[in-house]
Amino acid sequence: MTSAEKHHLSNTSLRHVADGVLKPDYDRASVKTGIVHLGIGAFHRAHQAAYTDRVLASGDKSWGIAGVSLRSADTRDALEPQDGLYTLAVRDGSGEQFRIIGSIKNILVAPENPEAVLSLMSDADVRIVSLTITEKGYCYLPATATLDESHADIIHDLSNPHVPRSAPGFIVEALRRRRASAIAPFTLLSCDNLPDNGETLKRVVTRYAQLCDADLAAYIAEHVAFPSTMVDRIVPATTDADRSMVADATGLEDNWPIVTEPFSQWVVEDHFPTGRPAWEKFGVTFVEDVSAFELMKLRLLNGSHSTLAYLGYLAGHETISDVMQGEGFSALVEALMDVDVTPTLPQLPGFDLAAYKKELRERFRNPALHHRTWQIAMDGSQKLPQRLLNTIRIRIEQQQPFEHLAMGVAGWMRYATGVDERGQPIDVRDPLRDTIQARIEGKKSPAELLEAYLSLEQVFGTDLPVNIVFRRAILNALESLIQKGAAACIADHAKALARPTDRLVY
């Protein structure tokens, strides 16, 4: 089929989809909205929406998704002409599989009409509000995982609770309305990479509610469920080449397809007082306590991913699979996992941790996933505490070295200067970018840069900046990185792994 003959993806054009492409075989018009999802981005569409699509296809039509964008209209504008449909392309070295997902009924853009979002969240059919808003969307302090009461959106929402901007603002106002109307509260389901994400969300929401209404805060603390989750799937940003590939394979033009890997994991604490989809039929694991799985993923996958992203970008690599081919990077990430991280993890009886780590490294090497280092490097100030710094804190308590984790922290510091090794600007996307630039201005030496970064209490807390062991390890890594450059630094670091006498001593 030529480009001129292709139809644009929509409900009416599904009959033209190419053979072999899976598509919704249920009546989408009869699906009720049971889930409101805040943060309708690529990860949600590759993960939770895909699981939910299979629930709808199984016959339970109570769980359609209404997406809410808290910032940009881009996703709504792309998917609205497609009736919410999009293509999920699963790729690895052996080829691709395609599925058109129909679980998203509609998408609202919160800044355009906050009242429409609140009305939707207050509807009795809605029993779950889920979130993938990234760390910065929680309006919290990463070092302490508590509400940032000085955040501009929180200040606005406390003064204007009926026209909120923030996720906590929308959640608390919707719960207030449901309580006033004698409608049972929804379950709040965080699907973001936060430690104890359910408890973190509860802490942020209840504190915001306390600042609004102490009685409402007590109601939320007693009656609202905040199950924690662990989510795992690598989802690169969609490119124009991806759009062309999907159109050629499906015969339908898609404004915003999603390309991902075959691996997908979702572990959820089973606490849904008003009901939930039967996700377990399609691979979701329900447990009493998700914390061990969550820490394993945060520290092994996310910690390694960030380390590879910062150092790989500085070394001139565009994608994670490229980084894994660079000299020393595979050895670095293997040592980070085995030496620095594994001793900090709780036991998971019956779980093959060695196989999991090996699988992670193979996923990083997947040549079909063009996961850009620059994409993963975004919002580092929000990610660093849970991905690297909390693990370092445990290693310090254990009186054990953490030289590989230190390389990741130093990589972020070097990356966040905003100038690469060739003197070219780096497009640093971070909520603290301006603050960082103000702190490091005029600082040239590694020691001066270290002092400037450690003054960021919201990132490093008050304990790490005064810890001599931490300061020495990060300074050693930063000096090596600046003096040698990332590629040579990592190559030398890997060579030293085989020479125990060269290793950093606690």
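Side-chain atoms are counted along with the backbone in the values below, which use heavy atoms only and exclude waters and symmetry mates.
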- CA sep, side-chain torsions, deciding dist, call: Tyr356, Phe351, ring-ring contact (aromatic ring centres under 6.0 Å, His included): CA-CA 9 Å; Tyr356 176 75; Phe351 186 84; 5.6 Å; yes
- Item | Expected output: side-chain Glu457 to main-chain Thr462 donor-acceptor under 3.5 Å | no
- Query: So do Pro431 and Ser381 actually touch side chain to side chain, heavy atoms under 4.5 Å?
  - Reply: yes
- Do the side-chain N and O atoms of Asn197 and Thr229 include a donor-acceptor pair separated by under 3.5 angstrom? yes
- Query: Does a side-chain heavy-atom distance below 4.5 Å link Gln399 with Val469?
  - Reply: no
- If you measure from OH on Tyr310 to CG on Leu388, what distance do you get to the nearest 0.5 Å? 8.0 Å
- Report yes if the side chains of Glu173 and Met121 come closer than 4.5 Å at any heavy-atom pair, otherwise no. no
- Note on the structure: Closest heavy-atom pair, Ser166 versus Ile154, reported as atoms and distance to 0.1 Å, is OG-CD1, 3.7 Å
- Message: If you apply the rule side-chain hydrogen bond (donor to acceptor under 3.5 Å, both in side chains), what do you find for His370 with Thr319, and how did you get there?
- Response: CA-CA 6 Å; His370 304 295; Thr319 69; 5.3 Å; no
- Task: Give a yes or no answer on whether the side chain of Arg361 reaches the backbone of Ser330 with a donor-acceptor pair at less than 3.5 Å.
- Result: no
- Is the backbone N or O of Leu216 less than 3.5 Å from a side-chain atom of Asp213, with the two atoms forming a donor-acceptor pair by type? yes
- Task: Assign the ring pair His223 / Tyr219 to parallel, tilted or perpendicular, where the plane angle (0 to 90°) is split at 30° and 60°.
- Result: tilted
- Task: May I have all residue pairs that pass salt bridge (charged side-chain N to carboxylate O under 4.0 Å, His left out) and include part of residues 425-441, sequence neighbours excluded?
- Result: Asp427-Arg429
- Note: Val323 and Gly312 closest approach over all heavy atoms is CG2-CA, 3.7 Å
- Task: Answer yes or no: is there a side-chain heavy-atom contact under 4.5 Å between Phe293 and Asp232?
- Result: no
- Message: Is the shortest side-chain heavy-atom distance between Thr417 and Tyr453 below 4.5 Å?
- Response: yes
- Got a salt bridge between Arg71 and Asp153, using NZ or NE/NH1/NH2 to carboxylate O under 4.0 Å? yes
- Less than 6.0 Å separating the ring centroids of His305 and Phe364? yes
- Checking Glu269 side chain against Val290 main chain: does a donor-acceptor pair fall under 3.5 Å? yes
- Distance-minimising heavy-atom pair for Pro164 and Gly169: CB-C, 3.6 Å
- Message: Can you see whether Phe402 has Arg395 sitting over its ring - NZ or CZ less than 6.0 Å from the centre and within 45° of the normal?
- Response: no
- Query: Got His404 and Met337 here, is their nearest side-chain heavy-atom distance under 4.5 Å?
  - Reply: no
- Message: side chain to side chain contact (heavy atoms under 4.5 Å, CB included), that's the test. Do Val126 and Arg178 meet it? Break it down for me.
- Response: CA-CA 11 Å; Val126 172; Arg178 292 175 77 101; 4.2 Å; yes
- Check for a donor-acceptor pair, side chain of Asp242 on one end and backbone N or O of Thr239 on the other, with a separation under 3.5 Å. yes
- Query: Is there a side chain to side chain contact (heavy atoms under 4.5 Å, CB included) between Gln382 and Thr134 once you walk through the steps?
  - Reply: CA-CA 9 Å; Gln382 311 296 294; Thr134 75; over 6 Å; no
- Output the distance between atom CZ (Arg165) and atom CG (Asn160), rounded to the nearest 0.5 Å. 7.5 Å
- Heavy atoms of Leu449 and Lys444 approach each other most closely as CD1-O, 4.2 Å
- When Phe286, Phe282, Trp279 are each screened for ring pair (Phe, Tyr, Trp, His ring centres under 6.0 Å) with Trp266, the one that passes is Trp279
- With no hydrogens and no angle check, is any side-chain donor or acceptor of Arg203 less than 3.5 Å from a backbone partner on Leu147? no
- side-chain hydrogen bond (donor to acceptor under 3.5 Å, both in side chains) assessment of Arg299 paired with Thr344: CA-CA 9 Å; Arg299 294 175 182 174; Thr344 74; 3.2 Å; yes
- Message: Keeping Gln386 on the side-chain end and Leu194 on the backbone end, is there a donor-acceptor pair under 3.5 Å?
- Response: no
- Item | Ile40 side, atom CD1; Asp74 side, atom CG - distance, nearest 0.5 Å | 13.5 Å
- Query: So among Ile35, Ile65, Thr132, which one has a side chain to side chain contact (heavy atoms under 4.5 Å, CB included) with Gln48?
  - Reply: Thr132
- Query: Is it true that Asp492 and Lys484 have a side-chain N and a carboxylate O under 4.0 angstrom from each other?
  - Reply: yes
- Note on the structure: Rounded to the nearest 0.5 angstrom, the OG-CD1 distance for Ser304 and Ile376 is 11.0 Å
- Query: How close do Ala50 and Leu88 get, heavy atom to heavy atom, and via which atoms?
  - Reply: CB-CD2, 3.9 Å
- Message: With a 3.5 Å distance limit and no angle check, can you tell me whether Thr285 reaches the backbone of Val267 through a side-chain donor-acceptor pair?
- Response: no
- Intermediate values then yes/no, side-chain hydrogen bond (donor to acceptor under 3.5 Å, both in side chains), Arg393 and Asn390: CA-CA 5 Å; Arg393 287 183 169 97; Asn390 287 343; 3.0 Å; yes
- Task: Apply side chain to side chain contact (heavy atoms under 4.5 Å, CB included) to the pair Ser291 and Asp196, showing each step before the final yes or no.
- Result: CA-CA 6 Å; Ser291 58; Asp196 297 319; 3.9 Å; yes
- Item | Note: Glu199-Lys202 ion pair, threshold 4.0 Å (strictly below) | no
- Are any of the side-chain nitrogens in Arg207 or Glu149 under 4.0 Å away from the carboxylate oxygens of its partner? yes
- Message: With heavy-atom distances below 4.5 Å as the criterion, would you say the side chains of Phe170 and Val129 are in contact?
- Response: no
- Flag, side chain of Asp420 to backbone of Ile426, donor-acceptor distance under 3.5 Å: no
- Using the ring of Trp412 (Phe, Tyr or Trp, six-membered ring only), decide whether Arg387 places NZ or CZ under 6.0 Å from its centre and within 45 degrees of its axis. no
- Task: Over all heavy atoms of both residues, which pair between Met413 and Leu454 is shortest? Give the atoms and the distance, please.
- Result: CE-CD2, 4.4 Å
- Task: Dump the intermediate steps for side chain to side chain contact (heavy atoms under 4.5 Å, CB included) on His271 and Thr187, then the final yes or no.
- Result: CA-CA 8 Å; His271 184 35; Thr187 294; over 6 Å; no
- Expected output: side-chain Thr200 to main-chain Pro195 donor-acceptor under 3.5 Å: yes
- Are any of the side-chain nitrogens in Arg179 or Asp215 under 4.0 Å away from the carboxylate oxygens of its partner? yes
- Query: Does the side chain of Tyr138 come within less than 4.5 Å of Ser190's, by heavy atoms?
  - Reply: yes
- Could you state the interatomic distance from CG (Leu389) to CD1 (Ile474), rounded to the nearest 0.5 Å? 7.5 Å
- To the nearest 0.5 Å, tell me how far Ile234 CD1 sits from Glu261 CD. 4.0 Å
